Each structure stands twice: as structure tokens, then as C-alpha cells.
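Because the structure is a prediction, the values reported are computed rather than measured. Throughout, protein chains are lettered first and strands after them, A, B, ... in sequence-line order, and every chain is numbered starting at 1.
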2 protein chains.
Amino acid sequence: MKEVETGIDITLEVVCGKWKGLILWKLLHEEAVRFNELRRSIDGDISSRILSRELHKLIEDGLIERIDYETMPPKVEYQITPYGQTTASFLEIMKKSEMADIINEEEVEQKV
Amino acid sequence: MKEVETGIDITLEVVCGKWKGLILWKLLHEEAVRFNELRRSIDGDISSRILSRELHKLIEDGLIERIDYETMPPKVEYQITPYGQTTASFLEIMKKSEMADIINEEEVEQKV
DNA sequence: CGGCATCCCGTCCGATACTG
DNA sequence: CAGTATCGGACGGGATGCCG
């Protein structure tokens with residue numbers, strides 16, 4: 001594939017974007033979550049269209065699983081896969097990272 | 001800001017994209033690197049235009065630093081900042097993650 | 001409830017060419 | 001050597017509305 005295959009690029013590719021990290025974070029801590037429950041829990045600002053698309057991508061990459069109860073009204077749950085759990089380690093660190101706080105100050109440690 | 005501020009989203013925002021992880025990885029392990037040296041080391045497939053832009057973004061976010069020797073011909077070096085080093089922890093994990101290998105097999109552990 | 005259809009915009013990524 | 005200029009395509013993200 002690439003000459004300098006670090007693994008970073010691939011991992012980043014899978015998790016990247018504005019929402020996937022947050023979705024995974026929720027599913028990593030909640031067992032099984034329904035669509036709208038997930039939608040609201042994330043921050044209420046993700047549209048169903050976007051959430052739907054991101055979920056599909058995560059499913060395609062094997063990080064999460066879709067469970068359709070085929071009832072009426074519909075009930076669908078999403079769940080992290082064992083594979084998806086491998087993201088827990090670095091998402092955890094990202095969360096703990098002081099990066100967030102620093103960025104929020106909009107003025108990063110400058111040595112100018 | 002957001003209701004569910006996990007820190008993940010912010011961190012992801014800063015590191016996201018096709019190249020920034022790789023750039024950081026190189027700079028985390030190399031002290032100071034010159035533009036074309038960096039360009040070649042990454043995999044030779046990043047155009048100077050893209051590399052330039054990604055570097056600018058990383059500088060803006062305070063992750064790396066630009067050192068211009070103001071010589072002729074030009075010599076410029078890029079260096080990770082202490083702040084940028086906070087990415088080392090999860091980039092390290094991403095690299096180690098089996099995710100890369102699994103994805104490469106194109107067929108992820110399916111329980112269908 | 002759990003989506004998909006449409007349309008739209010801004011950003012990402014890239015090829016090519018050129019410059020001080 | 002270290003970039004910038006220009007152009008273009010693909011993708012991400014979102015608003016709105018509709019459907020079984």
C-alpha cells in the first residue's frame with residue numbers, strides 16, 4: 001500500500017470526522033443505544049441524516065453493530081463490537097488530554 | 001460551547017485529516033525536520049501544496065513550530081512543540097492498534 | 001421511531017505550474 | 001529549497017422535508 005504505513009493513518013481514517021469519536025464514545029459506555037437516544041445524547045445538534053450516515057460508515061468498518069428488532073414502531077439498537085472496543089484506549093486518552101482546555105483558551109502557549 | 005464536551009471532538013478536530021497524524025508522528029520522532037525532508041519521509045505522495053497547508057494548520061493550533069533560518073537558498077525547519085507532544089500518547093496507541101491490520105484484510109470480524 | 005431524499009455549501013485533497 | 005497560484009473533484013456536514 002503505502003511506503004510508510006504507520007497504522008496511524010488507517011486508524012485516523014476510521015475514527016476521523018466531527019462525529020464518529022463522539023458516537024463511539026457513547027457506545028463504548030452504554031451497551032446498546034437506540035437511534036434517537038444516541039442522537040439526543042450526543043448533543044442534540046447532529047441531524048438524523050448525518051447520524052445515519054456516520055453509523056453506516058462505522059458499521060461498514062466493523063466498529064459497531066446494528067440490531068433491528070423489526071417491530072412496529074421500529075426499534076433499532078446500535079452496539080459496539082469487540083473490534084470497535086480497540087478504539088477505547090486512545091479515545092480515553094484524547095478525552096483526558098489537556099488539549100481541549102488549551103484549545104478552548106484560543107491562545108495556545110506561544111513562545112513568540 | 002457544546003453540551004456534551006468530551007474533549008474527544010476537540011482533539012480529533014486538531015489531529016484529523018489524512019496527513020496530520022503522519023506529520024506529527026514524524027516530528028515527534030525527529031527533533032527538527034526540513035520541508036522537503038518531511039515531504040519525502042511521509043511517503044512522497046503528499047504534494048508540497050498540501051503539506052504546506054497542513055503545516056500551517058498545525059502551527060495555528062500550536063502543535064508545531066516553524067523555524068526559518070532566512071538563508072539563501074532557504075532553510076526552514078519544523079519542530080514539535082511541548083503542546084504538540086501531548087498527541088504522542090494516543091498516536092502511539094493508534095500505531096500499535098491492530099486496527100490497521102484488520103482493516104487491511106478488508107474483511108472485519110463479522111458475526112453475521 | 002428510524003430513517004432516506006434533496007439540495008447546498010464549505011472544506012479536504014490533489015495535479016500542475018510557477019517563484020524568490 | 002520552500003513554498004504559493006490556480007483550478008477542479010470529492011467529501012463532510014447541515015437544513016428541510018417526507019415516509020413506512
Side-chain angles (χ1 to χ4, degrees), chain A residues 1-4 8-10 12-24 26-27 30 32-61 63-79, chain B residues 1-4 8-10 12-24 26-27 30 32-61 63-79:
Chain A
M1 309 233 145
K2 291 222 193 126
E3 303 171 30
V4 184
I8 293 176
D9 45 358
I10 305 215
L12 225 35
E13 212 171 288
V14 172
V15 170
C16 232
K18 186 172 174 181
W19 301 110
K20 283 193 281 193
L22 297 176
I23 294 171
L24 287 171
K26 175 71 177 177
L27 294 183
E30 211 81 10
V33 188
R34 300 182 62 171
F35 187 86
N36 281 313
E37 182 187 352
L38 183 56
R39 187 153 112 81
R40 272 177 253 110
S41 83
I42 283 182
D43 78 345
D45 268 9
I46 182 172
S47 72
S48 63
R49 167 171 148 56
I50 302 299
L51 177 56
S52 177
R53 197 186 49 195
E54 298 307 307
L55 287 171
H56 277 307
K57 284 189 280 191
L58 288 171
I59 290 168
E60 254 180 59
D61 286 336
L63 299 180
I64 66 173
E65 215 181 351
R66 196 185 115 114
I67 304 155
D68 192 339
Y69 290 87
E70 312 215 355
T71 58
M72 193 58 193
K75 171 174 175 181
V76 177
E77 287 184 336
Y78 294 89
Q79 201 169 18
Chain B
M1 307 236 143
K2 290 216 194 134
E3 305 171 27
V4 184
I8 293 175
D9 45 358
I10 306 217
L12 224 36
E13 212 172 288
V14 172
V15 170
C16 233
K18 186 171 175 181
W19 301 111
K20 283 193 281 192
L22 297 175
I23 295 170
L24 286 170
K26 176 70 179 179
L27 294 183
E30 212 80 13
V33 187
R34 300 182 63 171
F35 187 85
N36 281 314
E37 183 187 354
L38 183 55
R39 187 154 113 82
R40 270 176 255 111
S41 83
I42 283 182
D43 78 347
D45 268 7
I46 183 172
S47 70
S48 61
R49 166 167 151 58
I50 301 299
L51 178 56
S52 177
R53 198 187 47 195
E54 298 306 308
L55 288 172
H56 279 305
K57 284 188 281 191
L58 289 171
I59 290 169
E60 254 180 60
D61 286 335
L63 298 180
I64 65 171
E65 217 180 350
R66 196 186 114 115
I67 304 155
D68 191 339
Y69 290 87
E70 312 216 356
T71 58
M72 194 58 192
K75 172 175 176 181
V76 176
E77 286 184 338
Y78 294 88
Q79 200 169 18

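A search for salt bridge (charged side-chain N to carboxylate O under 4.0 Å, His left out) contacts involving B:Glu30 returns B:Lys26, not counting sequence neighbours. Every residue two or more places apart in sequence or in another chain that forms a side chain to side chain contact (heavy atoms under 4.5 Å, CB included) with B:Arg66 is listed here: B:Ile59, B:Asp68, B:Val76, B:Tyr78. Under the side chain to side chain donor-acceptor pair (under 3.5 Å) criterion, B:Lys57 pairs with B:Glu54, sequence neighbours left out.
Across all strands, B:Ser48 comes closer than 4.0 Å to base atoms (heavy-atom distances). Residue B:Tyr69 is classed as having no contact, given no heavy-atom separation below 4.0 Å to the nucleic acid.
Each of B:Arg66 and A:Pro74 was matched to the nucleotide of DNA chain D holding its nearest heavy atom; the match closer to the 5' end belongs to B:Arg66.
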(request) For B:Leu12 and A:Leu22, run side-chain contact (heavy atoms from CB on, under 4.5 Å): C-alpha distance rounded to whole Å, both residues' side-chain angles, the deciding distance at 0.1 Å, then the answer. (result) CA-CA 10 Å; B:Leu12 224 36; A:Leu22 297 176; over 6 Å; no
(request) Decide side-chain contact (heavy atoms from CB on, under 4.5 Å) for B:Ile23 and B:Leu51; before the verdict, give the C-alpha distance in whole Å, the side-chain angles of both, and the deciding distance to 0.1 Å. (result) CA-CA 9 Å; B:Ile23 295 170; B:Leu51 178 56; 3.7 Å; yes
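Contact of the B:Ile46 side chain with the B:Arg39 side chain is registered, since non-hydrogen atoms from C-beta on lie closer than 4.5 Å.
Spacing between atom CZ of A:Arg40 and atom P of C:dG3 amounts to 13 Å, rounded to whole angstrom units. In this structure, B:Asn36 atom CG and C:dT19 atom P are separated by 18 Å, rounded to whole Å. Per the geometry, CG belonging to A:Leu38 stands 10 Å off P belonging to C:dG3, to the nearest Å.
Taking all atoms of both residues into account, the shortest heavy-atom contact from B:Lys20 to B:Leu58 is CD-CD2, 3.5 Å. Across all their heavy atoms, A:Val33 and A:Leu38 have their closest contact at CG1-N, 3.6 Å. Of all non-hydrogen atoms in B:Gly17 and A:Cys16, the two that sit nearest each other are N-SG, 3.1 Å.
From A:Ile50, atom CD1 reaches atom CH2 of A:Trp19 across 8.5 Å, with rounding to the nearest 0.5 Å. To the nearest 0.5 Å, atom CZ of residue B:Arg40 and atom CG of residue B:Asp45 are 14.0 Å apart.
A donor-acceptor contact under 3.5 Å is not formed by the side chain of A:Thr71 with the base of C:dC1.
Distances shown here put a side-chain N or O of A:His56 below 4.0 Å from the OP1 or OP2 atom of C:dC4.
Between the two ends of the helix from C:dC1-D:dG20 to C:dG20-D:dC1, each summarised by a five-pair axis, the helix axis turns through 50° (rounded to 10 degrees).
Mapping heavy-atom proximity under 4.0 Å, the span of DNA chain D touched by chain B runs 5' to 3' from D:dC1 to D:dC7.
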Polar atom pairs (N or O), protein with nucleotides 11-14 of chain C, under 3.5 Å:
from, atom 1, to, atom 2, distance (Å)
C:dC13, OP1, B:Lys18, N, 2.6
C:dC13, N4, B:Arg49, NH2, 3.4
C:dG14, OP1, B:Lys18, NZ, 2.3
C:dG14, OP2, B:Trp19, NE1, 2.5
C:dG14, O6, B:Arg49, NE, 2.7
C:dG14, O6, B:Arg49, NH2, 2.5

